[in-house]
Q: 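Structure in structure tokens, see below.
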Amino acid sequence: MDKIKTIFVGTPEFSTHYLNAIINDGRFDVVAVITQSDKPSGRKHEIIQSPVKKIALEKDFKIFQPERLKADINIASELKTLKADLMIVVAYGQIIPKEILEVARYGAINVHPSLLPKYRGASPVQSAILNGEEKTGVTIMLMDEKMDHGPILSQVERKLSEEETNDILHEKLADLSTDLLISSAIKFINGEIKPIEQDHDQATFCRIINKEDAKVDWNKSAQEIKRKIYAFHPWPGTWTMLDGKRIKIFPPTKILKQKNIKKSPGQIIINNNELIVACGEDFLKLDRLQLEGKKEMNADDFLRGYEDLNGKILA
RNA sequence: CGCGGGGUAGAGCAGUUGGCAGCUCGGCGGGCCCAUAACCCGCAGGUCGUGGGUUCGAGUCCCACCCCCGCAA
């Protein structure tokens, strides 16, 4: 059997797990890679290449980096000349127009890290943690014009614990589903899978995360705040303000229930060398912090250098 | 040339107008105690990021460079 001529579309680290799996499997021939354009990034505004691009360069794949895929009319015809069998899309970061989705003979397959039709959209993993879901998973599906809307080829589930962070969960979901992507793609091409239409009435959506989402509202319950800290780790990183300075909060944190103490939300309590903050409901013990300009550190290190914290208010 | 904070003992920090380098924690030794991460006594541990300059004298002032970090993108 000939190798499956594949166009891979993706951008961040998460995508690279799948690209590597496809490369290592041996039954696929990557004829092109589409990834986001290089952008000035970091402290000195250096030009940064996407993780997917780095692999593509290493393997000497043909690379496309349109500024806006929608606006680039020529790219569809150029892709067609590759006579690809399949397009595989993992976290590209742009809407892909219909003409592009149709350049490969068998169409486009998407990997989406949620149990579709739940959590369509830009932040499925973060949202599942934020909402305290008991389980999430990964869906392999065919793409159509609507976002995360196409018929499902396969799914895999994973239980969630209260201690799951966004970065680790992404990795675990990838580990869990790279094989599934490959087997599903091959079965689909061989006509061994019948795609199943999603139950669109059950669909839920999650929007892209912005920086304002990452600020702590201490009026919320300790549980809600804890989930945010885990869901937004390491990016964008949950933060609050202390004495006019930004301070980031990292996992782990622990919820403390103490009914007889009354403090205003955001108030710091130093007890037994532990850093505890009053929330709208219950209390949160913070273990790891980072003051702007400083490195991330343990709470007891932080307390050592920052005297008279007791009673101060985080906002 | 995007904006900003920082580099001082193993860790976290302080160091006033330039004048003997400190604090808390940790480490080591000893003491107290039924006992302890508690308490008491003692000890060790620093080329103050690097190089140059000013000065009788620089952690501190001037110049250059290296490294870490927050914002923004």
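Numbers restart at 1 for each chain; the letters A, B, ... are given by sequence-line order, proteins then strands.
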Q: Which nucleotide, in any strand shown, forms a Watson-Crick or G-U wobble pair with B/rC43, with both distances under 3.5 Å?
A: B/rG27
Q: Between B/rC68, B/rC71, B/rA73, which nucleotide has the shortest distance from any of its atoms to the side chain of A/Lys295?
A: B/rC68
Q: Roughly how many Å is it from CE in A/Met241 to C1' in B/rG5, rounded to a whole number?
A: 13 Å
Q: Indicate whether the side chain of A/Glu133 and that of A/Thr136 have a donor and an acceptor atom separated by less than 3.5 Å.
A: no
Q: Check RNA chain B against residues 250-257 of chain A and give the residues with a non-hydrogen atom under 4.0 Å, in numerical order.
A: none
Q: Below 4.5 Å, heavy atoms only, C-beta onward: do A/Leu69 and A/Ile100 meet side chain to side chain?
A: yes
Q: Using whole Å, what does the distance between atom P of nucleotide B/rC71 and atom CD of A/Glu292 come to?
A: 8 Å
Q: With C1' as the reference atom in both, quote the distance from B/rC41 to B/rU47 in angstrom, rounded to an integer.
A: 32 Å
Q: Let me know the distance between NZ of A/Lys44 and P of B/rC67, rounded to the nearest Å.
A: 6 Å
Q: Using the P atom as the point on both nucleotides, what is the distance between B/rG6 and B/rG42, in whole Å?
A: 35 Å
Q: Counting only side-chain heavy atoms from C-beta out, which of B/rA72, B/rC25, B/rC71 sits nearest to A/Lys211?
A: B/rA72
Q: Expressed in whole Å, how much space separates the P atoms belonging to B/rG5 and B/rC62?
A: 14 Å
Q: Can A/Thr35 and A/Ser50 be counted as having a side-chain donor-acceptor contact under 3.5 angstrom?
A: yes
Q: Give the rounded distance in Å between these two atoms: CG of A/Leu291 and C1' of B/rC71.
A: 13 Å
Q: Work out how far the P atom of B/rU24 is from that of B/rA14, and round it to whole angstrom.
A: 15 Å
Q: Quantified in whole Å, what is the C1' atom distance between nucleotide B/rC33 and nucleotide B/rG46?
A: 36 Å
Q: My understanding is that a pair needs two contacts under 3.5 Å, Watson-Crick or G-U wobble. By that rule, which nucleotide pairs with B/rC1?
A: none
Q: How about A/Tyr18 and A/Ser177: does a side-chain donor come under 3.5 Å of a side-chain acceptor?
A: yes
Q: For the pair A/Lys215 and A/Asp217, find out whether any cationic side-chain nitrogen is under 4.0 Å from an anionic carboxylate oxygen.
A: no
Q: Quick one: A/Arg304 CZ to B/rG10 P, roughly how many Å, whole number?
A: 15 Å
Q: Provide the distance between the two P atoms, one in B/rC48 and one in B/rA21, to the nearest whole Å.
A: 10 Å
Q: Checking all strands, does A/Gly293 fall into the base, sugar-phosphate, or nothing category for heavy-atom contacts under 4.0 angstrom?
A: base
Q: Any base atoms under 4.0 Å from A/Lys39, or only sugar-phosphate, or nothing? Heavy atoms, all strands.
A: nothing
Q: Between atom CG in A/Leu303 and atom C1' in B/rC23, what is the gap in whole Å?
A: 15 Å
Q: Please report the distance separating the P of B/rC61 from the corresponding atom of B/rC67, rounded so that it comes out in whole Å.
A: 23 Å
Q: For residues A/Asn166 and A/His233, is any side-chain donor paired with an opposing acceptor at under 3.5 Å?
A: no
Q: Let me know the distance between CD of A/Glu212 and C1' of B/rC71, rounded to the nearest Å.
A: 14 Å
Q: Any chance the side chains of A/Lys53 and A/Gln65 put a donor and an acceptor closer than 3.5 Å?
A: yes
Q: Determine the contact category for A/Gln290: base if any of its heavy atoms lies under 4.0 Å from a base atom, sugar-phosphate if only primed atoms, P, OP1 or OP2 are that close, otherwise nothing.
A: sugar-phosphate
Q: Find the distance A/Met297:CE to B/rU24:C1' and express it as a whole number of Å.
A: 14 Å
Q: Which nucleotide, if any, forms a Watson-Crick or G-U wobble pair with B/rA64, using both distances under 3.5 Å?
A: B/rU50
Q: Is there a donor-acceptor pair closer than 3.5 Å between any side-chain N or O of A/Lys228 and the backbone N or O of A/Asp213?
A: yes
Q: Distance check, C1' atoms only: B/rU50 and B/rC13, in whole angstrom units.
A: 23 Å
Q: Between A/Phe302 and A/Lys294, just flag the one whose closest nucleotide in RNA chain B comes earlier from the 5' side.
A: A/Phe302
Q: Stacking check: are the rings of A/His45 and B/rA73 less than 5.5 Å apart at their centres and under 30 degrees in tilt?
A: no
Q: Distance alone, cut at 3.5 Å: any donor-acceptor contact between the side chains of A/Ser15 and A/Thr11?
A: no
Q: Please name the nucleotide paired to B/rA35 by Watson-Crick or G-U wobble geometry with both distances under 3.5 Å, or report none.
A: none
Q: With a 4.0 Å limit, can you tell me whether A/Arg43 has a side-chain N or O closer than that to the phosphate oxygens OP1/OP2 of B/rA72?
A: no
